[in-house]
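Report on the structure given below.
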Protein chains: 2
Amino acid sequence: MTLDKRKSQILESIIRDYVDTAEPVGSRSIVKKHNLKISAATVRNEMADLEEMGYLEQPHTSAGRIPSQVGFRYYVDCMMQKETLDDSELDLLNRILNENIGEWSDVVGRVGGFLSQITNYASFVIVPSIKLSEFKNIQIIPMSDRTAMLLVVTDVGVLMHRKIDVPPAVSAEELQLIGRAFTRVLSGTKLEEIRRNELKALREELKNRRKVIDSVLEAVEIMMQGCRDESVVISGALNILNEPEFKDLDKLKRILTILEEDVLLKQILPDTVSEEVNITIGNENKAEDIKEMSLVVAGYNNFGEMGKIGVIGPVRMEYWKAAGTVESLRNILDQVLNKKYF
Amino acid sequence: MTLDKRKSQILESIIRDYVDTAEPVGSRSIVKKHNLKISAATVRNEMADLEEMGYLEQPHTSAGRIPSQVGFRYYVDCMMQKETLDDSELDLLNRILNENIGEWSDVVGRVGGFLSQITNYASFVIVPSIKLSEFKNIQIIPMSDRTAMLLVVTDVGVLMHRKIDVPPAVSAEELQLIGRAFTRVLSGTKLEEIRRNELKALREELKNRRKVIDSVLEAVEIMMQGCRDESVVISGALNILNEPEFKDLDKLKRILTILEEDVLLKQILPDTVSEEVNITIGNENKAEDIKEMSLVVAGYNNFGEMGKIGVIGPVRMEYWKAAGTVESLRNILDQVLNKKYF
DNA sequence: ATTAGCACTCAATCAATGAGAGTGCTAACA
DNA sequence: TGTTAGCACTCTCATTGATTGAGTGCTAAT
């Protein structure tokens with residue numbers, strides 16, 4: 001169902017005003033503010049219609065109207081124009097991205113920070129696990145006479161390192177050889193495809209140094225567990241303190257708790273995220289805890305797996321700005337990643 | 001100046017009750033609650049004295065008394081008994097510490113988490129910069145035909161890694177040789193003591209591979225900048241949402257902002273921290289923003305430099321518990337560190 | 001179909017009131 | 001002289017009632 005032009009205009013005016021002020025919008029005030037060519041009474045009639053259709057609601061009889069979640073949905077689906085980054089924002093983004101970038105996680109952190117800063121909502125970036133990347137090189141560096149540092153390098157430049165114990169009798173050269181043997185066997189293998197039997201063969205081959213091998217295998221095992229999970233970067237969680245709908249401390253606490261804890265945040269995201277910007281409004285969210293929040297999420301391509309980037313804010317959200325910004329940053333991430341980090 | 005026994009007892013009762021309830025404490029209620037052998041009227045007289053001395057104050061005439069900051073100070077200095085961890089808490093701590101510890105920063109994170117969990121205040125751990133540690137090993141691992149991974153291992157097991165660009169003509173063996181040359185020159189040198197002239201000599205020695213050398217030098221430079229700063233781990237910032245004194249959103253926001261931002265947190269800490277547990281109450285803090293918070297901090301010995309661990313909470317704080325817990329965990333960190341990570 | 005006019009509704013604000021908690025003071029008591 | 005009971009007094013907090021004002025819905029006129 002689609003609205004006639006005048007109804008659309010009124011709905012949009014109400015949405016803009018309400019998002020701006022967080023107050024119910026009256027017929028008189030929108031006529032004045034957007035100097036419409038019709039009278040307040042006419043607007044009232046249209047508003048009554050829109051309410052009947054479910055796009056507006058009234059907190060109480062003598063208040064103005066506020067957009068319902070259905071109203072926001074209609075706006076997002078049928079009327080919204082995404083508002084992309086303006087020049088000064090692009091400029092800021094470029095400056096942020098060009099400052100001496102160390103690691104990939106650094107880029108993600110900065111893009112997330114930028115997103116929350118521009119939209120004034122909490123932002124999150126989800127980086128998929130790296131199980132699809134490949135082993136590249138394995139090194140064992142002696143540290144003391146009983147310990148060594150195990151280094152694992154993969155093709156996406158992510159590196160795992162861990163202390164291992166070694167018998168004092170093993171020399172630095174031997175450790176190097178063992179590292180090379182591992183590199184030979186594992187190089188090019190995807191992390192999730194380690195074959196037990198390959199490792200077993202290796203264990204046979206180097207049976208005079210079985211203790212070292214076992215230490216290495218154990219360490220690799222633990223590292224694999226550690227990087228099986230996707231990682232989550234959250235920025236600007238405190239932005240919700242500015243939203244009047246969260247002046248209630250209990251609500252605030254519930255939301256902030258979610259925004260502080262990686263695991264909880266992952267749980268509230270929609271299961272399927274495409275590369276398109278995806279918006280879920282209030283009750284459309286599966287998770288009970290955020291039925292009064294909206295999500296704007298897009299997927300990006302991270303070494304063959306889908307990462308996610310987005311913002312979370314009140315239902316009364318500037319969807320146009322949020323959607324545009326998320327879209328732009330999704331593209332940036334894709335771009336940076338396609339330049340291949342290595 | 002020291003208080004007589006009865007005044008002490010009354011002051012302590014008031015502090016305990018006030019810390020517990022956040023409400024002014026009346027004469028009648030403390031006689032009942034702590035079944036004192038004296039009448040409410042007597043207590044009233046003593047309270048009037050304590051108020052005159054500055055240890056108590058009255059929000060308004062017909063309310064009970066609350067401890068003043070001076071009162072808390074007197075309590076902390078002259079009466080407080082630190083409350084150490086009980087058995088179940090020690091048990092929990094051990095379980096937390098023994099779960100498969102990966103890196104040193106992991107230990108710090110867990111200890112901080114434990115601290116905030118036990119005290120119900122926000123906790124922080126400051127880990128000094130590692131400029132005192134020594135280079136141990138430098139490796140250059142080829143990644144693609146134009147890039148390589150530079151690995152720097154130090155004696156505290158902290159490792160820096162960074163992508164560098166290399167000319168396509170340089171072979172893996174050459175990279176290895178260059179790494180070894182660096183290792184030879186820098187091994188055993190403290191991070192802060194890198195001599196420019198040593199590096200210059202190295203640059204001469206390997207002058208046919210000057211491009212690689214320059215990449216490495218640049219990367220090391222950047223890495224050095226990155227680890228010049230101490231790092232900060234904050235846990236349980238949201239605990240202050242439970243404190244009734246922060247029901248005011250503005251206050252809340254000011255405090256949470258500090259607790260979210262490493263840099264800000266560092267600024268509010270007292271300049272000199274000894275190994276002893278150090279308590280600053282309300283106005284004793286130098287930073288304007290936390291004049292209504294208290295800090296309980298202790299130093300610990302981190303590879304020759306002073307790290308800090310502590311909690312931050314309302315002036316109405318369970319100092320006895322906080323001080324005991326901070327002291328215990330300070331000791332734990334010292335212990336773990338003295339077992340030498342390598 | 002649109003608009004002006006008007007009666008009506010309801011939340012928000014403010015002042016007045018009363019209850020309750022707690023004090024300070026006085027006088028009696030040990 | 002220190003302690004206690006008793007009582008008047010103070011001040012906050014919660015409740016109530018009146019007032020205000022923004023905004024609506026309806027009706028009648030355009």
Side-chain angles (χ1 to χ4, degrees), chain A residues 3-11 13-18 20-68 71 244-245 247-248 316, chain B residues 3-11 13-18 20-68 71 244-245 247-249:
Chain A
L3 297 178
D4 67 46
K5 195 169 165 196
R6 194 167 67 185
K7 281 199 175 56
S8 288
Q9 192 174 23
I10 289 174
L11 178 57
S13 299
I14 292 176
I15 286 184
R16 289 272 173 179
D17 278 14
Y18 178 65
D20 191 33
T21 63
E23 299 286 328
V25 184
S27 55
R28 236 183 97 77
S29 70
I30 71 172
V31 176
K32 258 202 288 188
K33 190 121 138 225
H34 301 81
N35 27 350
L36 305 185
K37 295 282 171 291
I38 47 180
S39 80
T42 312
V43 172
R44 276 203 291 283
N45 287 329
E46 297 284 35
M47 281 162 87
D49 288 353
L50 284 167
E51 181 170 0
E52 208 174 335
M53 290 186 241
Y55 295 141
L56 296 180
E57 51 197 33
Q58 241 180 334
H60 54 264
T61 354
S62 71
R65 303 297 208 296
I66 65 177
S68 68
E245 32 267 270
K247 62 185 190 319
D248 173 35
R316 183 184 59 78
Chain B
L3 297 178
D4 69 45
K5 195 168 167 199
R6 195 167 67 184
K7 282 198 174 53
S8 289
Q9 192 174 23
I10 290 174
L11 178 57
S13 299
I14 292 176
I15 287 183
R16 291 270 172 180
D17 277 15
Y18 178 65
D20 191 35
T21 64
E23 299 287 328
V25 184
S27 54
R28 236 183 98 74
S29 70
I30 70 170
V31 176
K32 257 202 289 187
K33 191 122 137 222
H34 301 82
N35 25 349
L36 304 185
K37 296 282 172 289
I38 47 181
S39 78
T42 312
V43 173
R44 277 203 289 283
N45 288 330
E46 298 285 35
M47 281 160 86
D49 288 352
L50 284 168
E51 181 170 0
E52 209 175 338
M53 290 184 239
Y55 295 142
L56 295 181
E57 50 196 31
Q58 241 179 334
H60 54 266
T61 356
S62 71
R65 304 297 208 295
I66 65 176
S68 68
E245 33 267 272
K247 63 187 190 316
D248 173 35
L249 277 187

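By convention in this document, chain letters (A, B, ...) are assigned in the order of the sequence lines, proteins followed by strands, and residues within each chain are numbered from 1.
With respect to A:D17, the salt bridge (charged side-chain N to carboxylate O under 4.0 Å, His left out) criterion is satisfied by exactly one of A:K33, A:R316, A:R65: A:K33.
Listed candidates were C:dC10, C:dG24, C:dT3. Nearest to the side chain of B:R65 is C:dG24. For B:A41, the side-chain atoms get nearest to D:dT4 when compared with the rest of C:dT3, D:dT4, C:dG22. Relative to the side chain of B:S27, the nucleotides D:dT3, C:dT23, C:dT2 differ in distance, and C:dT23 lies closest.
No donor-acceptor distance shorter than 3.5 angstrom exists from the side chain of A:Q58 to the backbone of A:I66, with no hydrogens or angles considered. The backbone N or O of B:G54 sits less than 3.5 Å from a side-chain atom of B:S68, completing a donor-acceptor pair. Judged purely by atom type and a 3.5 angstrom limit, B:S8 uses its side chain to pair as donor or acceptor with the backbone of B:D4.
Other residues, nucleotides and ligands place no more than 12 heavy atoms under 6.0 Å from the CZ atom of A:R28.
Nearest-nucleotide positions on DNA chain D for A:S62 and B:A40 put B:A40 closer to the 5' end. Positionally, the nearest nucleotide of DNA chain D for B:H60 lies more toward the 5' end than for the other of A:A63 and B:H60.
Computed from coordinates, the B:R6 CZ to D:dG2 P distance equals 10 Å when rounded to whole Å. At whole-Å resolution of the value, CD1 in A:I30 and C1' in D:dG23 are 13 Å apart. Nucleotide D:dT3 holds its P atom 13 Å from the CG atom of B:L36, rounded to whole Å. Counting to the nearest Å, the P atom of D:dG2 and the CG atom of B:D4 are 12 Å from each other. Protein atom CZ of B:R28 is 14 Å distant from nucleotide atom C1' of D:dT4, rounded to whole Å.
Closest of all the heavy-atom pairs between B:I14 and B:V25 is O-CG2, 3.8 Å.
Within the nucleic acid shown, B:S29 has no heavy atom closer than 4.0 Å to any nucleic acid atom.
The CG atom of B:L56 sits 11.0 Å away from the NZ atom of B:K7 when rounded to the nearest 0.5 Å.
Taking side-chain N and O atoms only, A:S39 has a distance below 4.0 Å to OP1 or OP2 of C:dT3.
Applying a 4.0 Å cut-off to non-hydrogen atoms, the residues of residues 44-51 of chain A that approach DNA chain D are A:R44, A:M47, listed by residue number.
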